[in-house]
Asks: 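This is the structure, below, for whatever I ask next.
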Amino acid sequence: MHGHRVRYLMAGSGPAVVLIHGITSSADTWAAAMTGLARDHTVIAPDLLGHGASAKPRGDYSLGAYASGIRDLLAALGHDRVTVVGHSLGGGVAMQFAYQFPERTERLALVSSGGLGREVHFLLRAAALPGAELVLPLLVPSWLGSAVGRIGSAGSRLGLRTRLDIAEMLRGFLSL
């Protein structure tokens, strides 16, 4: 879209539901929910630009830009009106989508949404600053992923179970 690769998952048929993930996540976050929702709905879960397997261009990563990107993706897929579900940062994007495009919003659902309340967490504000793309790789260096994988493998051989949420969080940060 607009010269950038946008990965998305899509399943089912019926009224459209778009699922918007949080920061450091991807469409894969919604895989379990998509299974149930796809029985009665067309479910679309994109990787926001800068996340997952979507492009990571220099540019506007504001809530408004993300909301416009969701609108453009839905238009390209032929969906005029959708139920929008957002988690964390995706909740902020979902609220912005509903605000900017009320004629395209059937319903709005928020799950532990970002963008509510008086304050936005420092880390979310910092990630939006110019030059953040230069600092993010320093926060979670790429070698850390393989090191955590080796530690997890060693722990498994000893009979220890690693926490899936920690591995998922690390994958998300490395994807940025």
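Quantities reported herein were computed from a predicted structural model and do not represent experimental measurements. FYI, side chains are in, hydrogens and waters are out, and symmetry mates aren't considered; it's all heavy atoms of this structure.
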Asks: Let me confirm one number: the NZ-CG distance from K56 to L48, rounded to the nearest 0.5 Å.
Replies: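 Taking NZ in K56 and CG in L48, the distance rounds to 11.0 Å.
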
Asks: V6, I20: one ILVMFWY side-chain cluster at the under-4.5 Å cut-off?
Replies: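 Looking at the clustering, I20 is in the same group as V6.
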
Asks: Side chains of L73 and Y8: closer than 4.5 Å at any heavy-atom pair?
Replies: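 Yes - at least one pair of side-chain heavy atoms lies under 4.5 Å apart.
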
Asks: Say you draw a straight line from NE2 of H87 to CG of L19; how long is it, rounded to the nearest 0.5 Å?
Replies: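 Interatomic distance, H87 NE2 to L19 CG, rounded to 0.5 Å: 12.0 Å.
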
Asks: Quick check for you: to the nearest 0.5 Å, what is the distance between L108 atom CG and Y99 atom OH?
Replies: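 Between L108 CG and Y99 OH, I get 14.5 Å after rounding to 0.5 Å.
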
Asks: For residues 31-44, which side-chain donor-acceptor pairs fall under 3.5 Å, sequence neighbours excluded?
Replies:
residue, atom, partner, partner atom, Å
T35, OG1, A31, O, 3.3
H41, ND1, L37, O, 3.3
T42, OG1, G14, N, 3.2
T42, OG1, G14, O, 3.0

Asks: Indicate if M10 and V82 have the same hydrophobic cluster label, given that clusters are the connected sets of ILVMFWY residues with side-chain heavy-atom separations under 4.5 angstrom.
Replies: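 Linked within one cluster.
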
Asks: If hydrophobic clusters are built by linking Ile, Leu, Val, Met, Phe, Trp and Tyr wherever their side-chain heavy atoms come under 4.5 Å apart, do L9 and L89 end up in the same one?
Replies: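 No, L9 does not connect to L89 through the hydrophobic network.
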
Asks: Measuring from D28:CG to D47:CG, what's the distance to the nearest 0.5 Å?
Replies: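 With rounding to 0.5 Å, CG (D28) is 6.5 Å from CG (D47).
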
Asks: Can you give me the closest heavy-atom contact between S88 and G22, atom names plus distance?
Replies: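 Heavy atoms of S88 and G22 come nearest at CB-CA, 4.0 Å.
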
Asks: Give the minimum heavy-atom separation between A45 and A27, together with the two atoms involved.
Replies: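 Looking at all heavy atoms of both residues, the closest pair is O-CB, 2.9 Å.
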
Asks: Between M95 and S113, which heavy-atom pair has the shortest distance, and what is it?
Replies: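 Here M95 and S113 meet closest at CE-OG, 3.4 Å.
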
Asks: Are R7 and S54 close enough that some pair of their side-chain heavy atoms sits under 4.5 Å apart?
Replies: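 Yes - at least one pair of side-chain heavy atoms lies under 4.5 Å apart.
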
Asks: Ignoring hydrogens, what is the shortest heavy-atom contact between V18 and P46? Give both atom names and the distance.
Replies: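 Of all heavy-atom pairs spanning V18 and P46, the closest is CG2-CD, 4.0 Å.
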
Asks: Answer with yes or no whether the hydrophobic clustering places V93 together with V111; edges join I, L, V, M, F, W, Y residues whose side-chain heavy atoms lie under 4.5 Å apart.
Replies: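 Cluster IDs for V93 and V111 differ.
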
Asks: Taking all atoms of both residues into account, what is the closest heavy-atom pair of A98 and T105, and its distance?
Replies: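 That would be CA-OG1, 3.4 Å.
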
Asks: Which donor-acceptor pairs under 3.5 Å do the side chains of residues 62-72 make with protein atoms, sequence neighbours left out?
Replies:
residue, atom, partner, partner atom, Å
S62, OG, D60, OD1, 2.8
S62, OG, D60, OD2, 3.4
S62, OG, A65, N, 3.1
Y66, OH, L49, O, 2.9
S68, OG, G64, O, 3.1
S68, OG, Q100, NE2, 3.4
D72, OD2, H2, NE2, 2.7

Asks: I23 versus H51: any side-chain heavy-atom pair under 4.5 Å?
Replies: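 With C-beta onward as the side chain, the pair touches.
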
Asks: To the nearest 0.5 Å, how far apart are NE2 in H79 and CG in L74?
Replies: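 Reported value, rounded in 0.5 Å steps: 7.0 Å.
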
